[in-house]
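Lettering of chains follows the sequences in order, A, B, ..., and the numbering in each one begins at 1. What you are looking at is a predicted structure, and each value in this text was computed from that prediction instead of being measured.
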2 protein chains.
Amino acid sequence: MELSDRQLKIMQAIIKTYLETGEPVGSRTISKYSDLNLSSATIRNEMSDLEEMGYIVQPHTSAGRIPTDKGYRLYVDTMMEDKVQEVENMKSELMEKADKMETLFKSVAKLLANKTNYASMVSGPRYKSKKVKFIQLSEVDSNHLLTIVVLDGNVVKNQMIKIHEPVSSENVAKLNFVLNTALNGLDVSEVNIAVIQSIKSQVNEHGGIVDSVLEVIANALTEDDDFEVYTSGTTNILKYPELTDKDNIVDLLDTFEERTLITQWKESDVQNDGDENHAIQVYIGNETKLDSMKDCSLVTATYRIGDGVYGKIGIVGPKRMDYEKVVATLQSLMKELDDIFKEKN
Amino acid sequence: MELSDRQLKIMQAIIKTYLETGEPVGSRTISKYSDLNLSSATIRNEMSDLEEMGYIVQPHTSAGRIPTDKGYRLYVDTMMEDKVQEVENMKSELMEKADKMETLFKSVAKLLANKTNYASMVSGPRYKSKKVKFIQLSEVDSNHLLTIVVLDGNVVKNQMIKIHEPVSSENVAKLNFVLNTALNGLDVSEVNIAVIQSIKSQVNEHGGIVDSVLEVIANALTEDDDFEVYTSGTTNILKYPELTDKDNIVDLLDTFEERTLITQWKESDVQNDGDENHAIQVYIGNETKLDSMKDCSLVTATYRIGDGVYGKIGIVGPKRMDYEKVVATLQSLMKELDDIFKEKN
DNA sequence: GTTAGCACTCTAATTAAAAGAGTGCTAACA
DNA sequence: TGTTAGCACTCTTTTAATTAGAGTGCTAAC
């Protein structure tokens, strides 16, 4: 069942009005607001049809209509206008903070929350496959050995190991050589028993230390929980009364505190990228698959720092969020992030 | 004006009842509840006096009384009973997560929030004076040099430096030697122009790289914003209706998101420690100096990992929080943390 | 196909009344 | 002199009832 041209226009009028006011919108409002020049009675008839088709509902008899998820989906997919966001000084603001990835992501989150007035979530980068690029052991003092592992993409992991036996500096050098020769270029699946045996056979002393080091490396390669998530503007969602039911709000805030959304982000493979600019996706209400988010929408974008190194940025707001603005903001932000990552290499 | 014995008993009865119920408590309740065997009329007279002295107030005429900050203070300072907290398996729970400081603090925060049903905040360690213990430059690939700085207390900082000119491995070794010789044992105030000049004079090439490295080291020594704060159970405060005034709750949650409390933590020098177990301090209402916290109380404890390396743990709840339980929980937690830090050394 | 008009429905706001809790005060009592 | 019973009074909370408002659906006319 196709929607007529007029029905589309009415839908657009309903949604736009509702996005602004948050109140159910009635036939009379539309008949005045839009340039259709139709009486409220005509609008009423059309609205009745639109309701039957599932695009709008009444909260109760004798109230105006509000869009359903399906209605929002229609809007987002087919009638959203491309808004060009003034790019202004986001980039310069971010560059200041870009010396460390961590602070960069934190300020991205904060910036987005401020610009949009919704809540934001930024995930740190994940790595599709992690390979060892460089290993270094250093004797920090007689009791401590520092293990440094650099992975593909120049991710640095370090961990202090407590040692009970002193190690001579020649042995440290030897360990470094053996470890680098044996492990460089390998990913986790390639570090098997044979490789480990080979390392151990070349280092006849300090078996315990080798074990510790290998453990650190294994952690560096497998660990997924260093996958940080930065949030900001959580309280912005309290500004929207439709989200402020005592019961729901706790769940919603918990979803943020627990970073539950990332579960989903891991699942959603970044498959259909490349075709679109930055794979901006909109999840409306239950499309998020999270019960606590049933009255919210989530807009996500994927950034990529290098090959197979990517992360997600998300904005959470009420279903009646200003999708145009959010999408435009994300789009221009992504461009700037691209630049920043390029400069940082 | 000293309080009589009877007045103290009445205060205690009022506060204990109020802690449980959160409702203003009336004279009749006290006359039944407490073992004073006094009629409600007598209690009323005493209450009237206590109100005049500023220990309790009525929210309105014809309501019961609730404690003022002064009243709570009296309770916390002089009438709280030492509750011994069953220590059970907190430690074993924590040890699992203790391989990395970061995850340890995260789980401490979570554990506290769960155990107490209030919100918790844990600050990562700070260092009274930071000294360079060990420096290492490593050539990771032809474009990148990894700078590693280990500070006193085995805090590791690392940063990747992008280089434009290739550096020979002899030069890297030389740089390492010069830097370590010149800087080890120094704190930020001691790295002055003379030291820098001395380094530069010993390394005639790669002036740009030396600059970058010195910048990294300077950052490592001065940076204070890597002072992480972990929070948990923020939504627990929504369980207490007296904190749920729409206006105030946003400020309060923002205080958490922004980690505003740390400002205060920095100021409050850890001076009067050592005398008390773990310097557990209770801030009631406005004693926190934060307007958003005026209806809350904050209980903090100081942990110390080593000499001059310390951090804070805090619990935030309504003013009528179960101080005995919170203090006891913190106390036993601190003991366990001591053990954990000792083991980790 | 469009529109005016009207009865009907449901919510939200307003008002009124009643119930409840607790105090302060007075007067009596030990 | 300290304690207590009793009662009038105050203020909040709860409940109920009424009203006003918004918006629809339907019918009949254009």
Side-chain angles (χ1 to χ4, degrees), chain A residues 2-11 13-15 17-18 20-68 71 241-242 244-246, chain B residues 2-11 13-15 17-18 20-68 71 241-242 244-246:
Chain A
E2 278 291 302
L3 289 183
S4 72
D5 223 47
R6 197 168 75 178
Q7 284 174 322
L8 284 175
K9 275 188 186 152
I10 291 174
M11 272 305 291
I14 292 173
I15 291 182
T17 316
Y18 186 68
E20 278 167 30
T21 63
E23 304 273 297
V25 3
S27 53
R28 233 181 90 84
T29 315
I30 299 299
S31 104
K32 275 189 297 182
Y33 166 101
S34 88
D35 44 359
L36 293 162
N37 279 353
L38 291 173
S39 78
S40 62
T42 313
I43 306 279
R44 272 204 291 285
N45 288 330
E46 294 284 26
M47 278 173 128
S48 176
D49 292 349
L50 287 168
E51 177 157 25
E52 207 168 316
M53 287 187 272
Y55 290 102
I56 49 181
V57 278
Q58 303 182 272
H60 56 264
T61 7
S62 90
R65 307 300 213 289
I66 62 176
T68 58
E242 66 262 48
T244 322
D245 308 321
K246 201 66 175 299
Chain B
E2 278 290 301
L3 288 183
S4 72
D5 223 47
R6 196 169 72 178
Q7 285 174 321
L8 284 175
K9 275 189 188 151
I10 292 175
M11 272 304 290
I14 293 173
I15 291 182
T17 316
Y18 186 67
E20 279 168 30
T21 64
E23 305 272 297
V25 3
S27 54
R28 205 137 177 275
T29 315
I30 300 297
S31 104
K32 276 188 297 181
Y33 164 101
S34 87
D35 44 359
L36 291 162
N37 278 352
L38 291 173
S39 78
S40 61
T42 313
I43 306 278
R44 273 205 289 286
N45 289 329
E46 294 284 26
M47 278 173 128
S48 177
D49 292 350
L50 287 169
E51 176 157 25
E52 207 168 315
M53 287 187 268
Y55 291 103
I56 48 180
V57 279
Q58 302 182 273
H60 56 264
T61 7
S62 90
R65 307 301 212 290
I66 62 177
T68 60
E242 64 262 48
T244 324
D245 308 322
K246 199 67 174 296

Chemist: Rounded to whole Å, how long is the line connecting atom CZ of B:Arg28 with atom P of D:dT4?
Modeler: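 Spelled out: CZ on B:Arg28 to P on D:dT4 is 14 Å.
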
Chemist: Rounded off to whole Å, could you give me the CD1-to-C1' distance for the B:Ile43 and C:dG24 pair?
Modeler: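 Nearest whole value for this atom pair: 16 Å.
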
Chemist: Look at the side chain of A:Glu46 and the backbone N and O of A:Gln7, then say whether any donor-acceptor pair between them is shorter than 3.5 Å.
Modeler: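 Not confirmed, A:Glu46 side chain does not pair with A:Gln7 backbone.
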
Chemist: With a 4.5 Å limit on heavy-atom distance, are the side chains of B:Thr68 and B:Glu51 in contact?
Modeler: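 No. Closest side-chain heavy atoms not under 4.5 Å.
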
Chemist: Hunt down the Watson-Crick or G-U wobble partner of D:dA28, both distances under 3.5 Å, from any strand shown, or write none.
Modeler: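 Paired with D:dA28, as far as the under-3.5 Å criterion goes, is C:dT3.
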
Chemist: Counting heavy atoms from C-beta on, name the nucleotide in D:dG25, D:dT4, C:dT23 closest to the side chain of B:Asn45.
Modeler: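 So the nucleotide nearest the side chain must be D:dT4.
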
Chemist: On DNA chain D, does the nearest nucleotide to A:Thr29 precede the nearest nucleotide to B:Leu38 from the 5' side, or the other way round? Give the residue.
Modeler: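 Its nearest nucleotide being more 5', the pick is B:Leu38.
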
Chemist: Could you check how far CE of B:Met47 sits from C1' of C:dG22, rounded to whole Å?
Modeler: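 After rounding, the gap between these two atoms is 10 Å.
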
Chemist: Just N and O in the side chain of A:Thr61: are any of them under 4.0 Å from OP1 or OP2 of C:dT9?
Modeler: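 Answer no for this pair, as no side-chain N or O of A:Thr61 is under 4.0 Å from OP1 or OP2.
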
Chemist: When both hydrogen-bonding distances must be under 3.5 Å and the geometry is Watson-Crick or G-U wobble, what is D:dG23 paired with, if anything?
Modeler: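 With both distances under 3.5 Å, D:dG23 matches C:dC8.
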
Chemist: Which pair of heavy atoms, one from B:Pro67 and one from B:Ile15, lies closest together, and at what distance?
Modeler: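 What the structure gives for the nearest pair is CG-CG1, 3.8 Å.
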
Chemist: C:dT3, D:dT4, D:dC11: which one has an atom nearest the side-chain heavy atoms of A:Thr42?
Modeler: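 Ranking C:dT3, D:dT4, D:dC11 by closest atom to the A:Thr42 side chain puts C:dT3 first.
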
Chemist: Find the distance A:Asp49:CG to D:dT24:P and express it as a whole number of Å.
Modeler: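 Taking atom P of D:dT24 as the reference, CG of A:Asp49 is at 14 Å.
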
Chemist: Calculate the interatomic distance between B:Ile56 atom CD1 and C:dG22 atom P; express it in whole Å.
Modeler: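 Spelled out: CD1 on B:Ile56 to P on C:dG22 is 14 Å.
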
Chemist: Please give, in whole Å, the distance from D:dT24 P to A:Gln58 CD?
Modeler: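 Taking CD of A:Gln58 and P of D:dT24, I get 7 Å after rounding.
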
Chemist: Taking the side chain of A:Ser27 as its heavy atoms from C-beta onward, which of D:dT24, D:dT12, C:dC10 lies nearest to it?
Modeler: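 The nucleotide sitting nearest to the side chain is D:dT24.
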
Chemist: Among the candidates C:dG24, C:dT11, D:dT4, find the nucleotide nearest to the side-chain atoms of B:Ser39.
Modeler: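 Closest of the options to the side chain of B:Ser39: D:dT4.
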
Chemist: Does the base of D:dT10 carry an N or O that pairs as donor and acceptor with the side chain of B:Ser62 under 3.5 Å?
Modeler: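 Per atom types, the contact qualifies.
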
Chemist: Give me the atom names and distance for the closest heavy-atom approach of B:Pro59 to B:Gly64.
Modeler: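 In terms of heavy atoms, the two residues are closest at CD-O, 3.3 Å.
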
Chemist: Which heavy-atom pair separates A:Ser31 from A:Ser40 by the least distance, and what is that distance?
Modeler: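 For A:Ser31 versus A:Ser40, the nearest heavy atoms are CB-N, 3.7 Å.
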
Chemist: Between D:dG6 and B:Arg44, counting only base atoms on the nucleotide and side-chain atoms on the residue, is there a donor-acceptor pair under 3.5 Å?
Modeler: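 Between D:dG6 and B:Arg44, which were checked side chain against base, a qualifying N/O pair under 3.5 Å is present.
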
Chemist: Return the value, rounded to whole Å, for the distance between atom CD of A:Glu46 and atom C1' of D:dT24.
Modeler: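 In whole Å, D:dT24 C1' lies 16 Å from A:Glu46 CD.
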
Chemist: Hey, does the side chain of A:Arg6 come within less than 4.0 Å of C:dT2's phosphate (OP1/OP2), counting only N and O?
Modeler: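 The answer is yes; a side-chain N or O of A:Arg6 sits under 4.0 Å from OP1 or OP2.
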
Chemist: Nearest whole Å is fine: how far is D:dA22 P from A:Arg65 CZ?
Modeler: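 Spelled out: CZ on A:Arg65 to P on D:dA22 is 18 Å.
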
